[in-house]
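As structure tokens, the structure follows; a few thoughts come after it.
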Number of protein chains: 2
Amino acid sequence: MSQLLISTIAQHVSLTAEEQQRIPSFFESLPVRRHQFLLREGEVCRYEFFIEKGCCRQYETDSTGKENVLQFSIEGWWITDLDSLLTGTPSRFNIDVLEPGVVWQISKSQLELLFNEIPAVERYYRIISQRAYAALQRRILWLQKPALERYQAFVAAYPFFETRLPQHQVAAYLGITRESLSRLRNKIAKTSR
Amino acid sequence: MSQLLISTIAQHVSLTAEEQQRIPSFFESLPVRRHQFLLREGEVCRYEFFIEKGCCRQYETDSTGKENVLQFSIEGWWITDLDSLLTGTPSRFNIDVLEPGVVWQISKSQLELLFNEIPAVERYYRIISQRAYAALQRRILWLQKPALERYQAFVAAYPFFETRLPQHQVAAYLGITRESLSRLRNKIAKTSR
DNA sequence: CCTCCACAATGACAAATGATAATAAATGGG
DNA sequence: CCCATTTATTATCATTTGTCATTGTGGAGG
């Protein structure tokens with residue numbers, strides 16, 4: 001039973017006891033190990049994933065082999081390639097597991113079914129979609145600024161990632177090299193003492 | 001009569017003749033002059049804007065006074081601060097007019113009414129929302145790359161902006177200085193001959 | 001026709017960031 | 001607990017990008 005899935009949804013919309021009981025039945029849960037792929041570049045994305053425990057990342061590998069991180073996702077967050085899922089086109093992204101844990105997956109058709117059966121979930125989905133859009137906009141504005149400000153904005157917005165993610169993953173999210181990030185952190189540490 | 005508004009929507013969904021006639025009545029059209037603001041930072045955004053003619057930009061002014069462009073919008077495109085519009089919170093953005101023209105505006109309540117009366121428009125709205133989301137994702141990946149690649153990706157994706165926008169506006173969109181952009185263009189011109 | 005102003009290009013220099021390499025430290029899996 | 005692997009730091013040097021100053025250019029408006 002995923003208590004977290006229900007409580008996460010219930011944070012934004014009201015659910016009856018019966019709805020709370022039925023929702024998990026639309027999902028499948030799966031344990032995931034480190035380095036496991038939930039989606040590979042070139043595949044069509046078939047699921048929306050809810051992270052119950054652990055940590056995942058969505059990234060592309062560019063022509064030079066560099067990995068650019070689009071998103072991280074931890075307990076209580078969702079992750080998928082929405083474009084591929086909705087249009088049925090092959091994904092440009094990989095989604096893999098950084099920390100082992102448990103994810104709940106739901107297919108496109110089951111999701112539609114769930115929306116029809118429990119409209120509150122559709123409402124919840126609209127709310128978080130809108131938040132995700134606003135988050136992407138903020139991110140674009142960060143990326144138009146120098147590396148130090150990007151990093152500080154990131155830490156301010158997501159302080160828990162600071163301790164949880166390897167630094168080179170953070171660097172790949174910020175669009176800088178791990179060496180640059182190391183220098184920035186060193187500079188910050190110096191000026192603060 | 002905005003033929004462009006109808007034809008733009010009809011590109012993605014089917015509309016009856018009667019629907020085509022009714023849609024514009026939910027909007028107000030207004031001529032706009034250069035430098036006019038459709039939205040100012042600190043205001044709550046009240047409208048979604050459809051550009052019938054002309055060109056607008058959405059941007060923030062950061063703490064150093066630098067203007068960071070989030071979006072450009074031309075004939076057949078939409079522009080608004082969705083977050084402010086939906087949540088009723090003050091906007092961090094300005095939307096102003098780069099080229100004089102005509103825009104059609106629709107309030108949140110009229111938009112909801114329109115969705116209820118003509119469901120095809122709601123479907124259209126979902127389709128373009130999804131496209132806008134995918135476009136933001138692509139943009140984030142561009143911004144994680146060096147300036148030259150950002151510029152080339154921009155030109156490849158939106159060749160018509162290349163001739164239409166002042167270069168310093170493009171630079172503010174790419175997150176680089178106008179001087180850097182000028183250098184990049186110079187380098188490209190040299191290598192191509 | 002002239003003037004003002006927005007826009008673009010360029011050079012010189014400073015600062016930030018990337019690339020490479022070497023080393024140290026931490027961590028995960030048997 | 002140990003070892004292989006991953007991760008982080010640091011130094012050096014090259015490249016990119018930003019800053020500042022100057023000049024040129026074209027167009028809008030008096």
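Every heavy atom of this structure was used, including side-chain atoms; hydrogens, water molecules and symmetry mates were not. The sequence lines fix the lettering, A, B, ..., with proteins before strands; numbering per chain opens at 1.
Comparing the helix axis at one end of the helix from C/dC1-D/dG30 to C/dG30-D/dC1 with that at the other, each defined from 5 consecutive pairs, gives an inter-axis angle of 60° (nearest 10°).
The aromatic rings of B/Phe154 and B/Trp142 stand perpendicular to each other, their planes meeting at an angle above 60°, with 30° marking the opposite boundary. A perpendicular orientation is assigned to the rings of B/Trp77 and B/Phe160, their planes being inclined by more than 60° (bins at 30° and 60°). Between A/Tyr124 and A/His12, the ring planes are tilted. Angles from 30° to 60° get that label.
Atom NZ of A/Lys145 and atom P of C/dA15 are 23 Å apart (whole Å). Separating the NE2 atom of A/His35 from the P atom of D/dT5 is a distance of 13 Å, rounded to the nearest angstrom. Rounded to whole Å, the distance from CG on A/Leu98 to P on D/dT6 is 14 Å. In this structure, the CG atom of A/Leu174 is 17 Å from the P atom of C/dA16, given to the nearest Å. Note: CZ (A/Arg164) to P (D/dA8) measures 15 Å, nearest angstrom. Remark: P of D/dT17 and CD of B/Glu149 are 9 Å apart, rounded to the nearest angstrom. Remark: C1' of D/dG18 and CG of B/Leu184 are 12 Å apart, rounded to the nearest angstrom. Per the geometry, CG belonging to A/Leu148 stands 9 Å off P belonging to C/dA16, to the nearest Å.
In this structure, B/Arg164 is not positioned above the aromatic face of B/Phe161 in the sense of NZ or CZ being under 6.0 Å from the six-membered ring centre and within 45° of the axis. Remark: A/Arg40 is positioned above the aromatic ring of A/Phe37, its terminal NZ or CZ atom under 6.0 angstrom from the ring centre and at most 45 degrees off the axis.
Salt bridge annotation for B/Arg185-B/Glu162: present, with a cationic side-chain nitrogen under 4.0 angstrom from a carboxylate oxygen. Here B/Glu117 pairs with B/Arg22 in a salt bridge; the nearest charged N to carboxylate O distance falls below 4.0 Å.
There is no side-chain donor-acceptor pair under 3.5 Å between A/Arg178 and A/Gln167.
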Pairs: protein N or O with nucleotides 22-30 of chain C N or O, under 3.5 Å:
none

Between the protein and nucleotides 8-14 of chain C, list the N/O to N/O atom pairs that are separated by less than 3.5 angstrom.
unit_1, atom_1, unit_2, atom_2, d
C/dA8, OP1, B/Gln167, N, 2.9
C/dA8, OP2, B/Gln167, N, 3.0
C/dA8, OP2, B/His168, N, 3.3
C/dA8, OP2, B/His168, ND1, 3.3
C/dA9, OP2, B/Gln167, OE1, 2.8
C/dA9, OP2, B/Gln167, NE2, 3.3
C/dA9, OP2, B/Ser182, OG, 3.3
C/dT10, OP2, B/Asn186, ND2, 2.4

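By the neighbour-count criterion of 12 heavy atoms within 6.0 Å, atom CZ of B/Arg131 is sparsely surrounded, having that number or fewer from other residues, nucleotides or ligands.
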Between B/Glu52 and B/Leu5, is a side chain to side chain contact (heavy atoms under 4.5 Å, CB included) present by the stated rule, with each step listed?
CA-CA 7 Å; B/Glu52 160 138 15; B/Leu5 175 59; 6.0 Å; no
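When each of A/Tyr158, A/Tyr151, A/Phe72 is paired with A/Tyr173, the ring-ring contact (aromatic ring centres under 6.0 Å, His included) condition holds for A/Phe72 and for no other.
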